[in-house]
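Taking it in order: structure first as structure tokens, then the write-up.
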Amino acid sequence: MIDVRRHNANFCSDHFMKLVRDQTQKAIDAFEMLHRDERVLVAVSGGKDSLALWDILLTLGYQADGFYVGLGIGGYSDRSGAHVRAFAADRGLTLHEVDLRDTHGFDVPTAAAVTKRAPCSSCGLSKRHLFDKAALDGGYDAVATGHNLDDEAAVLFGNTLRWQTEYLARQLPVLPARAGFPRKIKPLVRLGEREMAAFCVLRGIDYVVEECPMAAGNKHLGYKAALNEIEASSPGAKQAFYFGFLARAVERFADAAPAHAEAGETALCARCGVPTTSEICAFCRLLEKTSGAEPVNLTVKGRRVPT
Ligand code: SF4
Ligand code: ZN
């Protein structure tokens, strides 16, 4: 039996898997994320959420292919990539892959060292750029990511703590397509981390369990831990926080136009052609900075990370 305290109920294995699929379908329908005749590219990391999402979308009858970016984060990336490839091969699925170092000459640890910024900054920037490009090049209607309720509640918590209104304005489970960018969807927003892990176990999905070593010290881990404490004494708090924000607050931030919104994207990047707010897009600027840089050892906060 699997207990889901948020729903105040226990489920047997089959009913639990049905609950997970039903909640995903409910999110897709409620936020008009995807139609059956559309093609979706699932951004898979090798972790539980994205692999489960790919599996669920296929079971629900959607046309879903996978896309994996090799980030060059030592053994963690090797193991993540192996899980993704095995998942796709076992099921005969289409998987697209880009390796940052092979294709663009840098990896995430090197980008972090060169830019002197947190690794997640250049990692996130690179992934967004490559997901968008892969989706547009492949003629996909949307990119789906495995962000779950815990992820979204933690991001919302962080953005609210600092009243980052430009981020709050865009914290939606679906972002419509606009010139040069595909639609972005997060079909797992109604499901928690623990539920996704249980789903993978029941469904026999083998995923990389370890956290990315570059996540150490990441503020979101702290926000997740804080929300878990609140949830333990007040089941349903995360769901109320996140869905209450979507229902009653997000529209209030609509005027907080983020700098990267379409209004500011008046030019096309001189190097790669994506809409951008300056002459050269952020990804091409990162390419320029990392060009010729020697690969660095994997370090977090100055300490070597064992791989
Ligand atoms: Fe990239 Fe940061 Fe996620 Fe690691 S934790 S995969 S560096 S965004
Ligand atoms: Zn560019």
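For clarity, every value in this text was computed on a predicted model and none was experimentally measured.
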Item to check | Shortest non-hydrogen contact from Val40 toward Val143 | outcome: CG2-C, 4.5 Å

Checklist entry - Is the count of non-hydrogen atoms from other residues, nucleotides or ligands lying under 6.0 Å from Lys224 atom NZ greater than 12? => result yes

Next on the checklist: Could you check whether any side-chain N or O of Arg117 sits under 3.5 Å from a backbone N or O of Ser121, counting only pairs where one atom can act as donor and the other as acceptor?
Outcome noted: no

Next on the checklist: Just checking Arg91: does its CZ atom have more than 12 heavy atoms from other residues, nucleotides or ligands closer to it than 6.0 angstrom?
Outcome noted: yes

Checklist entry - Do Ser13 and Met17 come within less than 4.5 Å of each other through their side chains, counting heavy atoms only? => result yes

Checklist entry - Which of parallel (below 30°), tilted (30 to 60°) and perpendicular (above 60°) describes His104 and Phe106? => result tilted

Checklist outcome for this item: dist Arg79:CZ -> Tyr207:OH (nearest 0.5 Å) comes out at 15.5 Å

Checklist entry - Quick one: CD on Gln63 to CG on Leu34, what's the gap to the nearest 0.5 Å? => result 9.0 Å

Checklist outcome for this item: Checking Tyr223, Tyr242, Tyr167 against Phe157 for ring pair (Phe, Tyr, Trp, His ring centres under 6.0 Å), the one that qualifies is Tyr223

Next on the checklist: Ignoring hydrogens, what is the shortest heavy-atom contact between Val42 and Ala64? Give both atom names and the distance.
Outcome noted: CG2-CB, 3.9 Å

Next on the checklist: Could you see if Met196 belongs to whatever hydrophobic cluster contains Leu221? Use Ile, Leu, Val, Met, Phe, Trp, Tyr and a side-chain cutoff under 4.5 Å.
Outcome noted: no

Checklist entry - Going through the checks in order, is the side-chain contact (heavy atoms from CB on, under 4.5 Å) test met by Cys281 and Arg271? => result CA-CA 8 Å; Cys281 78; Arg271 307 257 165 88; over 6 Å; no

Next on the checklist: Side-chain heavy atoms nearer than 4.5 Å, only ILVMFWY residues, links allowed to pass through others: does that put Leu227 and Leu149 together?
Outcome noted: yes

Checklist entry - When rounded to the nearest 0.5 angstrom, what distance separates OG in Ser126 from CZ in Phe283? => result 5.0 Å

Checklist entry - Within a strict 4.5 Å, meaning less than it, do heavy atoms of the Leu60 and Thr24 side chains meet? => result yes

Item to check | 4.5 Å side-chain heavy-atom contact, Asn148 and Val189 | outcome: no

Checklist entry - Taking the six-membered ring of Phe243, is NZ or CZ of Arg190 closer than 6.0 Å to its centre and within 45° of its axis? => result yes

Checklist entry - Roughly how far, to the nearest 0.5 Å, is CZ of Phe181 from NE2 of His129? => result 9.0 Å

Item to check | Arg36 CZ: over 12 foreign heavy atoms closer than 6.0 Å | outcome: yes

Item to check | Derivation of the side-chain contact (heavy atoms from CB on, under 4.5 Å) call for Ser45 and Tyr68 | outcome: CA-CA 6 Å; Ser45 65; Tyr68 173 74; 5.6 Å; no

Checklist outcome for this item: Closest non-hydrogen contact found for Ala88 with Leu95 is CB-CB, 3.9 Å

Next on the checklist: As a quick check of understanding, evaluate side-chain contact (heavy atoms from CB on, under 4.5 Å) for Thr59 and Ile56, giving each step before the final call.
Outcome noted: CA-CA 5 Å; Thr59 306; Ile56 295 165; 5.7 Å; no

Next on the checklist: Checking the side chain of Glu195 only, and the main-chain atoms of Gly192 only, is there a donor and an acceptor separated by less than 3.5 Å?
Outcome noted: yes

Next on the checklist: Given 3.5 Å as the limit, does a donor-acceptor pair link the side chain of Arg203 with the main chain of Ala52, or not?
Outcome noted: no

Next on the checklist: Looking at Thr290 and Leu287, would you say the former's side chain and the latter's main chain have a donor-acceptor pair under 3.5 Å?
Outcome noted: yes

Checklist entry - Between Arg128 and Phe131, is NZ or CZ placed under 6.0 angstrom from the six-membered ring centre and within 45° of the ring axis? => result no

Checklist entry - When you measure from the side chain of His83 to the backbone N and O of Asp206, does any donor-acceptor pair fall under 3.5 Å? => result yes

Checklist entry - Among His96, Arg183, Glu38, which residue meets the side chain to side chain donor-acceptor pair (under 3.5 Å) test with Tyr140? => result His96

Checklist entry - Is there a side-chain contact between Val108 and Met214, using heavy atoms and a 4.5 Å cut-off? => result yes

Checklist entry - At what distance, to the nearest 0.5 angstrom, does CD of Gln239 lie from CD of Glu231? => result 8.5 Å

Checklist entry - Is there a path from Val114 to Leu125 through hydrophobic residues (I, L, V, M, F, W, Y) whose side chains come within less than 4.5 Å of each other? => result no

Next on the checklist: Taking Lys186 first and then Asp151, would you say they form a salt bridge - that is, a charged N and a carboxylate O separated by under 4.0 Å?
Outcome noted: no

Item to check | Pair Asp3 + Arg194: basic N to acidic O under 4.0 Å | outcome: yes

Next on the checklist: Contact between Asp141 and Pro182 at the side-chain level, heavy atoms closer than 4.5 Å - yes or no?
Outcome noted: no

Item to check | Nearest heavy-atom neighbours spanning Ile73 and Pro213 | outcome: CG2-CG, 3.8 Å

Item to check | Verify same cluster id: Leu202, Ile205 (apolar side-chain graph, 4.5 Å) | outcome: yes

Checklist entry - Less than 4.5 Å apart, any side-chain heavy atom of Glu32 and any of Val174? => result no

Next on the checklist: Using the rule side chain to side chain donor-acceptor pair (under 3.5 Å), only one of Arg39, Gln25, His35 pairs with Tyr62; which is it?
Outcome noted: Gln25

Checklist entry - So Phe67 and Val44, side-chain contact (heavy atoms from CB on, under 4.5 Å) or not? Walk me through it. => result CA-CA 6 Å; Phe67 180 61; Val44 278; 5.7 Å; no

Checklist entry - Does the side chain of Phe87 come within less than 4.5 Å of Leu93's, by heavy atoms? => result yes

Checklist entry - What's the shortest heavy-atom distance between Val208 and Ser80, and which atoms? => result CG1-OG, 3.8 Å

Item to check | Taking every non-hydrogen atom, the tightest pair across Glu193 and Asp150 | outcome: N-OD1, 3.0 Å

Checklist outcome for this item: Paired with Leu53, the side chain to side chain contact (heavy atoms under 4.5 Å, CB included) test is passed by just one of Asp55, Asp49, Leu57, namely Leu57

Next on the checklist: Would you say CD of Glu210 has more than 12 non-hydrogen atoms from neighbouring residues, nucleotides or ligands within 6.0 angstrom?
Outcome noted: yes

Checklist entry - Any donor and acceptor pair, going by atom type alone, linking the side chain of Asn159 with main-chain N or O of Leu168 inside 3.5 Å? => result no

Checklist entry - Just how far is it from atom CG of Asp137 to atom CG of Leu41, taken to the nearest 0.5 Å? => result 10.5 Å

Next on the checklist: Under a 3.5 Å distance rule, please check whether Ser234 uses its side chain to pair with a backbone N or O of Ile230 as donor and acceptor.
Outcome noted: no

Checklist entry - Are Leu130 and Leu100 side-chain neighbours, meaning at least one heavy-atom pair lies under 4.5 Å? => result yes

Checklist entry - Would you say the side-chain atoms of Gln23 pair up with the backbone N or O of Leu191, donor to acceptor, closer than 3.5 Å? => result no

Checklist entry - Does Glu166 reach the main-chain N or O of Ala256 with its side chain, forming a donor-acceptor pair under 3.5 Å? => result no

Checklist entry - Shared ILVMFWY cluster between Val274 and Leu175, side chains joined below 4.5 angstrom? => result no

